[in-house]
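Written below as structure tokens is the structure these notes are about.
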Amino acid sequence: MLEVGTKAPEFTLPDQNGEMHSLAEYRGQKVVLYFYPKDSTPGCTKQACNFGELLPQFREKGAVVIGVSKDSVASHKKFEEKYGLPFTLLSDVERTVIEAYDVWKEKKNYGKVSMGVVRTTYLIDEEGIIIKAVGNVKAAENPAQMLELV
């Protein structure tokens with residue numbers, strides 16, 4: 001996980017509509033950047049839907065919410081449409097941003113070891129500095145937790 005107080009790594013990735021987004025375009029706003037393992041899985045769906053429900057409150061506080069996974073643009077589009085997600089989902093199929101943010105790790109599941117995205121959420125300030133880094137995220141609770149931190 002990246003250290004609080006460090007500059008957030010810049011990136012440019014496609015969203016669920018194939019439009020490119022870079023971190024720099026969000027200067028002047030707080031950014032809740034959350035990394036999740038996979039579209040349409042139970043934990044990731046709960047986390048995304050909860051962020052969606054709380055989005056008006058994030059906006060009131062001058063913050064945007066951005067989800068990132070290694071799923072494809074097409075997968076993100078289906079996920080967005082199925083659950084009515086009102087925020088940006090970025091596709092990082094080559095894991096460049098996932099690795100830059102240090103969330104590609106060894107995971108153990110039922111004794112099986114594999115590499116994958118460890119659910120992590122960063123709060124980035126208006127100047128592009130990481131002001132909170134939350135690891136070991138509980139999917140359902142993370143959106144409310146981040147809203148308090150904003």
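Everything numeric here is computed off the predicted structure, so don't read it as measured data.
The hydrophobic cluster containing W104 also contains L90, counting ILVMFWY residues as joined when their side-chain heavy atoms lie under 4.5 angstrom apart, directly or transitively. V137 and V65 fall within a single hydrophobic cluster, where Ile, Leu, Val, Met, Phe, Trp and Tyr side chains are chained together by heavy-atom contacts under 4.5 Å. Side-chain heavy atoms closer than 4.5 Å link hydrophobic residues (I, L, V, M, F, W, Y) into clusters, and following such links, possibly through other members, connects V117 to V97. Cluster membership check: V32 does not share its hydrophobic cluster with I66, using side-chain heavy-atom separations under 4.5 Å among Ile, Leu, Val, Met, Phe, Trp and Tyr. Cluster annotation: V31 is not connected to L89 through the hydrophobic network of ILVMFWY side chains, with a link wherever side-chain heavy atoms come within less than 4.5 Å.
The distance from the CG atom of N136 to the CE atom of M1 is 7.5 Å, given to the nearest 0.5 Å. From Q47, atom CD reaches atom CE of M146 across 10.0 Å, with rounding to the nearest 0.5 Å. Taking CD from E60 and CG from L55, the interatomic distance works out to 10.5 Å, rounded to the nearest 0.5 Å. Note that CZ of F11 is 11.5 Å distant from CD1 of I98, once rounded to the nearest 0.5 Å. The line from CG of L85 to CZ of F79 is 5.5 Å long, rounded to the nearest 0.5 Å. With rounding to the nearest 0.5 Å, the separation of NZ in K30 from NZ in K132 is 12.5 Å.
In this structure, F51 and F58 have tilted ring planes: the angle between them lies in the 30° to 60° band.
Side-chain contact between K107 and P37: present, with at least one pair of heavy atoms (C-beta onward) separated by less than 4.5 Å. Side-chain atoms of K61 and L147, non-hydrogen and from C-beta on, do get closer than 4.5 Å to each other. N142 has its side chain out of reach of K138: every pair of non-hydrogen atoms, C-beta onward, lies at least 4.5 Å apart. In this structure, D15 and V73 have side chains that are not in contact, with every pair of non-hydrogen atoms separated by 4.5 Å or more. In this structure, Y101 and L2 have side chains that are in contact, with non-hydrogen atoms separated by less than 4.5 Å. At least one side-chain heavy atom of V134 sits under 4.5 Å from a side-chain heavy atom of L149. Counting heavy atoms from C-beta outward, L33 and T121 have side chains that stay 4.5 Å or more apart. Counting only heavy atoms from C-beta outward, the side chains of I130 and E3 never approach each other to under 4.5 Å.
With respect to the salt-bridge test (charged N to carboxylate O, under 4.0 angstrom), the residues R27 and E10 qualify. Here K78 does not pair with D39 in a salt bridge; the nearest charged N to carboxylate O distance is not below 4.0 Å.
Here the shortest heavy-atom pairing between K46 and A140 reads CG-CB, 3.6 Å. The two residues D125 and E127 have their closest heavy-atom pair at OD1-N, 2.9 Å. Shown here for F87 and Q16, the closest heavy-atom pair between the two residues is O-NE2, 3.1 Å. S75 approaches S72 most closely through the heavy-atom pair N-OG, 3.0 Å. When all heavy atoms are compared, the tightest approach of A63 to V150 is CB-CG1, 3.9 Å. Residues A100 and P9 share a closest heavy-atom pair of O-CG, 3.7 Å.
No more than 12 heavy atoms of other residues, nucleotides or ligands lie within 6.0 Å of NZ in K38, so this atom counts as exposed by the packing criterion.
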Working for side-chain contact (heavy atoms from CB on, under 4.5 Å), residues I129 and I124 | CA-CA 5 Å; I129 304 298; I124 301 166; 5.9 Å; no

Verdict with reasoning, C44 to R119, per side-chain contact (heavy atoms from CB on, under 4.5 Å) | CA-CA 9 Å; C44 297; R119 197 181 304 276; 3.4 Å; yes

ring-ring contact (aromatic ring centres under 6.0 Å, His included) between Y122 and Y34: does it pass, once the steps are laid out?
-> CA-CA 6 Å; Y122 290 100; Y34 83 96; over 10 Å; no

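Judged by distance alone, with hydrogens and angles left aside, the side-chain atoms of T41 form no donor-acceptor pair with the main-chain N or O of G43 at under 3.5 Å. N50 contributes no side-chain N or O that, together with a main-chain N or O of L54, makes up a donor-acceptor pair within less than 3.5 Å.
In this structure, a donor-acceptor pair under 3.5 Å is absent between the side chains of H76 and E80.
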